[in-house]
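Order of the sequence lines sets the chain letters (A, B, ...), proteins ahead of strands, with each chain counted from 1. A quick note: this is a predicted structure, and the numbers were derived from the prediction, not measured.
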Protein chains: 2
Amino acid sequence: MNERPKKLSADARRLATVESVIQLAALQNPVEITTAAIAKHMNLTQGALFRHFPNKEAIWQSVMEWVAERLLNRIDRSVHGIDSPLAAMEAIFMTHVEFVAEHPGVPRMLFGELQRAESTPAKRLVQTLIQRYGERLNHLIEKGKSNGELSSSLDNEAASTLFIGTIQGLVMQSLLTGDVQRIRHDAPRVFAIYRRGIGSDL
Amino acid sequence: MNERPKKLSADARRLATVESVIQLAALQNPVEITTAAIAKHMNLTQGALFRHFPNKEAIWQSVMEWVAERLLNRIDRSVHGIDSPLAAMEAIFMTHVEFVAEHPGVPRMLFGELQRAESTPAKRLVQTLIQRYGERLNHLIEKGKSNGELSSSLDNEAASTLFIGTIQGLVMQSLLTGDVQRIRHDAPRVFAIYRRGIGSDL
DNA sequence: GATAAGAAAGTAATTAATTACTATCTTATC
DNA sequence: GATAAGATAGTAATTAATTACTTTCTTATC
């Protein structure tokens with residue numbers, strides 16, 4: 001919804017396109033984001049998009065790369081200097097929630113991409129993202145077990161699934177109420193239950 | 001994928017349409033289910049569908065009614081004769097998981113419908129379904145608190161959100177691996193952590 | 001109880017929109 | 001003034017929905 005159709009370099013235009021998609025996903029159903037809608041949002045003609053992307057799939061691929069890079073980066077930075085594995089998990093949780101609150105369209109896109117039957121490049125990127133996410137969690141869980149912070153009988157896989165599901169539940173709740181920002185308020189309350197579920201009995 | 005294009009009564013045809021959509025959603029992305037695809041799956045011409053539904057939205061509405069009715073019915077039946085609130089919650093959980101395993105397309109459709117920006121009749125049905133679901137959970141949580149089975153300091157709302165999120169996490173995991181049936185195996189493991197999170201310290 | 005009339009269900013072809021994508025011309029910028 | 005970026009104006013394919021027509025089923029009447 002800008003006004004001047006400024007000429008941008010190819011790199012800048014690609015980035016602007018990705019950011020437009022992220023913004024649009026916050027407002028509407030990701031599957032309804034057409035190339036015409038993207039172009040309109042950035043005050044460009046639809047055909048011009050194909051100067052910078054070979055096809056629509058490539059746009060989605062770039063978007064998923066953007067998301068994976070930013071999210072994992074922030075996750076990793078959030079645990080810096082935190083010794084306690086449990087505290088690190090909480091930091092990751094809150095960072096993730098903050099990321100979602102800033103970019104409400106992201107979880108919709110991720111889930112929408114996972115829904116697809118075919119294995120598109122974008123879908124594979126999402127699968128890789130969540131896999132890497134799970135690896136980080138698993139590492140922390142192991143540390144927490146030997147640490148004594150987490151229950152020694154904890155099921156790692158189930159704990160990882162539930163961690164991600166906890167965030168997914170918050171997202172679903174925000175879709176239900178239409179109020180994405182409330183997720184910031186609800187997140188600590190839900191994580192408290194999760195922490196109790198995985199923590200040691202001390 | 002039938003063979004004879006038998007003539008059905010309007011009621012029977014509407015039910016067959018709904019069941020076809022449920023089946024198709026298990027195989028492909030719900031948003032890609034076209035009226036032509038539905039018709040082909042039930043060996044009918046595309047136009048014939050509009051003898052029984054005014055438009056496509058009405059088909060989705062009927063599908064959501066089917067889902068809401070069946071799921072809530074099974075949930076309610078599953079708690080019959082169970083006195084312990086915690087055991088009742090576990091029964092609901094397992095019943096829900098079994099329902100999803102039988103109809104893998106259902107959670108995709110529900111989430112896809114929630115994604116939509118506009119408030120369609122189908123979306124409102126999903127919202128009502130989850131609201132009623134939450135009411136049942138809340139009731140059990142209250143009973144569990146006075147019972148002593150659940151932590152007296154438990155946050156009801158957060159516990160409800162996490163309950164649904166836990167299932168959502170299992171669904172996401174099944175989308176990731178492509179193996180929907182594994183949800184039956186993972187469900188008890190994940191619920192064990194959840195139960196620990198909400199239970200009393202005894 | 002046979003059967004004709006009408007209702008109900010289905011077919012096949014076509015519609016207007018919308019989609020992703022492309023070919024060709026124009027212009028801003030270095 | 002060369003060239004990269006954008007505009008303009010298309011394309012073919014797909015979509016939900018509608019049309020005119022046909023087949024099948026139901027039921028009222030003799």
Position toward the 5' end of DNA chain D (nearest nucleotide), His52(A) or Gln46(A): His52(A)
Nearest to the side chain of Thr45(B) - dA12(C), dC21(C), dA7(D)? dA12(C)
How close or far is atom P of dA5(D) from atom CE of Met42(A), stated in whole angstroms? 13 Å
Look at Arg74(A) together with Glu102(A) and state whether they make a salt bridge at an N to O cut-off of under 4.0 Å. yes
To the nearest 0.5 angstrom, please state how far the OG atom of Ser160(B) sits from the CG atom of Asn138(B). 5.0 Å
Tell me: CG of Leu49(A) to P of dA4(D), nearest whole Å? 19 Å
Whole-Å distance separating the NZ atom of Lys40(B) from the P atom of dT15(D): 11 Å
Given atom NZ of Lys56(A) and atom P of dT14(D), what is their separation to the nearest angstrom? 16 Å
Nucleotide nearest Ala48(B) (side chain, heavy atoms from C-beta), chosen from dT11(C), dT15(D), dA17(D): dT11(C)
Send over the distance from Asn43(B) CG to dG10(C) P, rounded to a whole Å. 11 Å
Tell me yes or no: between the side chains of Ser119(B) and Arg124(B), is some donor less than 3.5 Å from an acceptor? yes
Any donor-acceptor pair under 3.5 Å linking the side-chain atoms of Glu149(B) with those of Ser200(B)? no
Given atom CD1 of Ile59(B) and atom C1' of dA17(D), what is their separation to the nearest angstrom? 11 Å
Is the number of heavy atoms from other residues, nucleotides or ligands under 6.0 Å of Glu57(A) CD greater than 12? yes
Per the end-axis method with five pairs at each terminus, what is the bend angle of the helix from dG1(C)-dC30(D) to dC30(C)-dG1(D), to 10°? 10°
Enumerate the residue pairs fulfilling ring pair (Phe, Tyr, Trp, His ring centres under 6.0 Å) with a member in residues 84-126 of chain B, sequence neighbours excluded, ordered by first and then second residue. Phe111(A)-Phe111(B), Trp66(B)-His103(B), Phe93(B)-Phe163(B), Phe93(B)-Phe191(B), His96(B)-Tyr133(B), Phe99(B)-His103(B)
Base, sugar-phosphate alone, or nothing: which one does Leu8(A) contact when heavy atoms must sit under 4.0 Å apart? sugar-phosphate
Whole-Å gap separating P (dG10(C)) and CZ (Phe53(B)): 11 Å
If you count heavy atoms of other groups shown closer than 6.0 angstrom to CZ of Arg184(B), is the number above 12? yes
Measure the distance from CZ on Phe50(A) to P on dT24(C) and round it to the nearest whole Å. 18 Å
Distances for protein N/O vs nucleotides 19-23 of chain D N/O pairs under 3.5 angstrom?
residue: dA20(D); atom: N6; partner: Arg51(B); partner atom: NH2; Å: 3.2
residue: dT23(D); atom: O2; partner: Lys7(B); partner atom: NZ; Å: 2.7

Taking only side-chain nitrogens and oxygens of Arg13(A), does any of them come within less than 4.0 Å of OP1 or OP2 of dA4(D)? no
Enter the distance from Ile183(A):CD1 to Glu98(A):CD here, rounded to the nearest 0.5 Å. 10.0 Å
Check whether more than 12 heavy atoms from other residues, nucleotides or ligands sit under 6.0 Å from atom CG of Asp83(A), and answer yes or no. no
